[in-house]
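Presented below is the structure to which this report refers.
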Amino acid sequence: MTEAAIQSNHPQQAEAFLKDLKRARWHDQALWFMREKRDKGVLGLKEWEALREHASRIKMHTLSHLPKYLEQFESEASKRGIQVHWAKDGDEHNRIIHHILSQHNVKRVVKSKSMLTEECHLNDYLIEKGMEVVDTDLGERIVQLANEPPSHIVIPAIHKNRQEIGELFHQKLNTPKGETDPTRLTGAARMHLREKFVQADAGITGVNFAIASTGGFVVCTNEGNADLGTSLPPLHIAAMGLEKLVPTPEDLSVFLRLLARSATGQPVTSYSSHFLGPRPDTEMHVVIVDNGRTGHYAQAEFRRSLSCIRCGACLNTCPVYRRSGGYSYGYTIPGPIGTTLAPHRSLEKFHTLPFASSLCGSCSNVCPVKINLHEQILLWRQKLYNAGIVSPAKRLALGGMSKMFTFPGVYTLGGNVFRGVMSLIPGNVIAKITGAWGKQRDLPPIPKESFRQQYKKMKGHE
Amino acid sequence: MQIGLFIPCYIDQLYPHVGIATVQILEKHGYQVDYPQAQTCCGQPMFNSGATKECKSVAEHFLKTFRDYETVVCPSGSCTSMVRNHYAHVVGGNNDYETLKNRIFELCEFLVDHAKVSQLDVSFPHRVVVHQSCHGLRELETGKPSELMIERESKLHSLLALVDGIELVHPKRLDECCGFGGTFSVLEEALSCAMGNDRIIDYEETGAEYITGADVSCLMHLGGLLSRQKKSIKTLHIAEILAGTVQ
Ligand code: SF4
């Protein structure tokens, strides 16, 4: 692979995002505001760190007994009249859902936010089969109308400013041209969505938590759209990743306290909808999806990232995400968690992501389930290096560096570290490194004598 | 007590005065300092690039150089953390490592926890803001990261509070990363500089004359941006203030 190919992708996308500096600053501030809300939400909760620790243990326990809890969930859910399906990948997930929908002659579907159906590209699949699929979460609806994927897992349209949303609504929902008042725009969206809710033949939701001991599941929203989308139509299909389990309702309570605080700073999401089985004369289905998760699960050093509860806090705190935007990652889930998940899909394709991090570690500290995000990012760099997915020039440079630093003679001989490094690294690579440093930054003046030399003199005079 | 002094390669070559200030402050507090000439680098650039194997020989050389010292002190949080924490993934189980990891300290850590410094007799009558480098803050725990709901004093601030005439100011974002990040600074040049520039804005808003910190690498990055933009705010390593080598 050439150096140019290595440098493609995230760095390029980030640079493009930063071209519009005003917008980048605004994006940074908007997300930092979320981080501040989170800080206020958890401040004064003395048990916060204990809660995180507890949640992390529950998740680790559940993951290490996953087969048992999945079976328990299936059997308890079935007792409640919930029909459980298993999908090994995104395709099967889409086929199963389409099959259930067509059995019920469904034409119109309302969905409430689910990153899993995004991951499986369900919307495209169903639309191609002639169904109408409407995302009912306001942010999701905005990106759907704009024909774009979400750029954040909790605030999908965070990359759009008020003016852009106003213009989009003007084109798609007939709001007056130039209307940018958030209340009026939200009002217009609400009217439009009410109509869709009333007309829907089926509702599809995600699953935030599934409870093994009861066979029920919980969907958390702030707009109540999971309730609306499932209480009118006679058919509810819920799609869940197989890692969404918690053992008991007591365990659930820990996560409900952590999720909303981490996401938006609220003590609890406005709506935590508990689904415990179908109403009379209706059907409720749960589709449990693997889609690469068991492969991920098998890699012990990466297993903890399966604990993710998709709160988005690591995105909001990430100085890289805030300044490069969700699309720069090229994966459904961006930010630190996306960076740790995407390489499970393809190390080749996402080879720039593990380097799209300054390893500041803020993500691991903010994560409510204590996923060691920045350590996993570092681990991916090792995997990349060992798999040889680092350019030969860079490999050579690193090999040369190791020689130089192992043999002190070589190190001091060079006179200064830069001259030493330069003699061992191909000229074009050096030019690239110094070029990249020097584009916007000066180097400090090179002192006449190194510390080593000065120290010798100092001690010699004593 | 004799201290083995570990001076990271870029301090040796580009910031010798930071090394000198480190020697001075340690000697002033009664320690004998020895700088083993065989030292090179801790191997962090290789480790952070994923080149663990290449890093191993460098780490072994480091351990050999420093294994006979009762205490090792280093004026860089990042390099100290590399040895104390990340060597576990490079030379974990190595006896020298298992001993040394409990004996190597970043300068401020050492001054607060071991030297128990309570008096400095230096003055620096300026308005100063502290740049909390990520590895010192989050890996060595030299302060309280803003994300965690815990109590922990900032060792850098405690030490600076002993300096006469200093006025410490605080930025709105207490501990946002400056964007250096080693190879990140060149692989993600645009982002790295954007992060640095935003950090500079945060610091300028405090009205500070100086940005100080315990990691030269972050300061080199911020200083590089400041110098190119001909801004007046300056960077200084904390050792220079604590040793009184700057006025
Ligand atoms: S990794 Fe942690 S912080 Fe990030 S979205 Fe998942 S649970 Fe939230």
Side-chain angles (χ1 to χ4, degrees), chain A residues 7 10-11 14-15 18 24-25 28 32 39 42-43 45 48-49 317 319-320 323-324 355-362 365-366 378 381-386 390 394 398-399 401-402 404-406 408 411 416-418 433 436-437 439-444 446-447 449-452 454-455 458, chain B residues 7 9-17 19-20 23 35 37-41 43 45-46 48-52 54-55 57-58 61 134-135 138-139 145-150 173 176-177 179-181 183-196 198 220-221 223-225 227-228:
Chain A
Q7 306 271 338
H10 193 274
E15 196 175 344
L18 287 163
R25 287 247 154 86
D28 166 43
W32 182 255
D39 289 352
V42 304
L43 199 78
L45 222 68
W48 181 253
E49 297 304 329
T317 203
V320 169
R323 292 178 185 82
S324 62
F355 291 95
S357 165
S358 62
L359 301 177
C360 75
S362 181
N365 274 352
V366 90
L378 190 50
R381 293 188 186 178
Q382 288 171 28
K383 300 263 171 204
L384 273 168
Y385 189 81
N386 295 338
V390 173
K394 219 172 137 208
L398 290 166
M401 256 160 113
S402 128
M404 183 173 68
F405 291 129
T406 316
Y411 170 74
N416 74 51
V417 79
F418 289 103
I433 294 175
W437 178 272
K439 223 166 134 184
Q440 301 182 57
R441 287 166 291 210
D442 289 337
L443 270 175
I446 310 272
E449 288 177 319
S450 67
F451 170 77
R452 193 176 293 260
Q454 291 190 29
Y455 179 83
M458 202 165 89
Chain B
I7 297 295
C9 34
Y10 52 90
I11 295 185
D12 176 33
Q13 298 295 336
L14 295 174
Y15 297 89
H17 50 284
I20 298 294
V23 174
Y35 173 79
Q37 296 281 335
Q39 66 183 279
T40 55
C41 165
M46 284 144 261
N48 281 354
S49 304
T52 317
E54 282 78 354
C55 181
S57 53
V58 179
H61 176 77
C134 302
H135 293 167
R138 299 196 179 85
E139 294 184 355
S146 61
E147 306 90 17
L148 296 182
M149 298 301 137
I150 54 166
R173 311 195 209 201
E176 173 104 324
C177 176
F180 172 69
T183 51
F184 177 81
S185 65
V186 288
L187 291 176
E188 291 267 7
E189 186 269 342
L191 250 175
S192 169
C193 292
M195 284 162 71
D198 285 354
M220 176 169 79
H221 164 66
L225 290 165
S227 148
R228 181 64 60 87

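All values below come from the heavy atoms of this structure, side chains included, with hydrogens, waters and symmetry mates left out.
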What is the distance from atom [atom1] of [X] to atom [atom2] of [Y], rounded to the nearest 0.5 Å?
X	Y	atom1	atom2	value
B:Leu191	A:His10	CG	NE2	6.0 Å
B:Ser49	A:Gln382	OG	CD	10.5 Å
B:Leu225	A:Gln440	CG	CD	6.5 Å
B:Asn48	A:Arg381	CG	CZ	6.0 Å
B:Glu188	A:Ser357	CD	OG	9.5 Å
B:Gln13	A:Ser450	CD	OG	5.5 Å

Min side-chain heavy-atom separation [X]-[Y] under 4.5 Å:
X	Y	result
A:Ser358	B:Phe180	no
B:Met149	A:Leu45	no
A:Arg452	B:Ile7	no

Seminar exercise, completed: Among B:Met195, B:His17, B:Arg138, B:His135, the residue with the most heavy-atom pairs under 4.5 Å to chain A is B:Arg138
Exercise. Do you know which of B:Pro16, B:Gly19, B:Gly181 has the most heavy-atom pairs under 4.5 Å to chain A?
Worked result: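 Among the listed options, the one with the most contacts to chain A is B:Pro16.
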Exercise. When heavy-atom pairs shorter than 4.5 Å are enumerated against chain B, which of A:Gly361, A:Ala14, A:Pro444 gives the highest number?
Worked result: A:Pro444
Exercise. Among A:Glu449, A:Gln454, A:Lys383, who wins on heavy-atom pairs under 4.5 Å with chain B?
Worked result: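 The option with the most such pairs is A:Gln454.
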Exercise. Given that the side chain runs from C-beta out, which part of A:Leu359 has a heavy atom under 4.5 Å from chain B: side chain, backbone, both or neither?
Worked result: both
Exercise. Under 3.5 Å, side chain of A:Arg441 to main-chain N/O of B:Cys193, donor-acceptor pair present?
Worked result: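 Looks like no, no N/O pair under 3.5 Å.
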For this session: Taking A:Asn365 for its side chain and B:Glu147 for its backbone only, find out whether a donor-acceptor pair lies under 3.5 Å.
Result: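 Not a single qualifying donor-acceptor pair exists.
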For this session: Using side-chain contact (heavy atoms from CB on, under 4.5 Å) as the criterion, list what pairs up with B:Arg173, not counting sequence neighbours.
Result: A:Asp28, A:Gln29, A:Trp32, A:Arg322, A:Arg323, B:Glu176, B:Arg199, B:Asp202
Problem set entry | Candidate pair B:His221 and A:Trp437, rule side-chain contact (heavy atoms from CB on, under 4.5 Å), full reasoning | CA-CA 9 Å; B:His221 164 66; A:Trp437 178 272; 4.0 Å; yes
Problem set entry | Nearest non-hydrogen partners of A:Glu49 and B:Leu148, listed with the distance |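 Taking every non-hydrogen atom into account, OE2-CA, 3.4 Å.
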For this session: Show your reasoning for whether side-chain contact (heavy atoms from CB on, under 4.5 Å) applies to B:Met46 and A:Tyr385.
Result: CA-CA 10 Å; B:Met46 284 144 261; A:Tyr385 189 81; over 6 Å; no
Exercise. Can B:Ile150 and A:Trp48 be said to form a side-chain contact (heavy atoms from CB on, under 4.5 Å), step by step?
Worked result: CA-CA 9 Å; B:Ile150 54 166; A:Trp48 181 253; over 6 Å; no
Exercise. Listed by chain and number, what are the ring-ring contact (aromatic ring centres under 6.0 Å, His included) partners of A:Phe451, not counting sequence neighbours?
Worked result: A:Tyr455, B:Tyr35
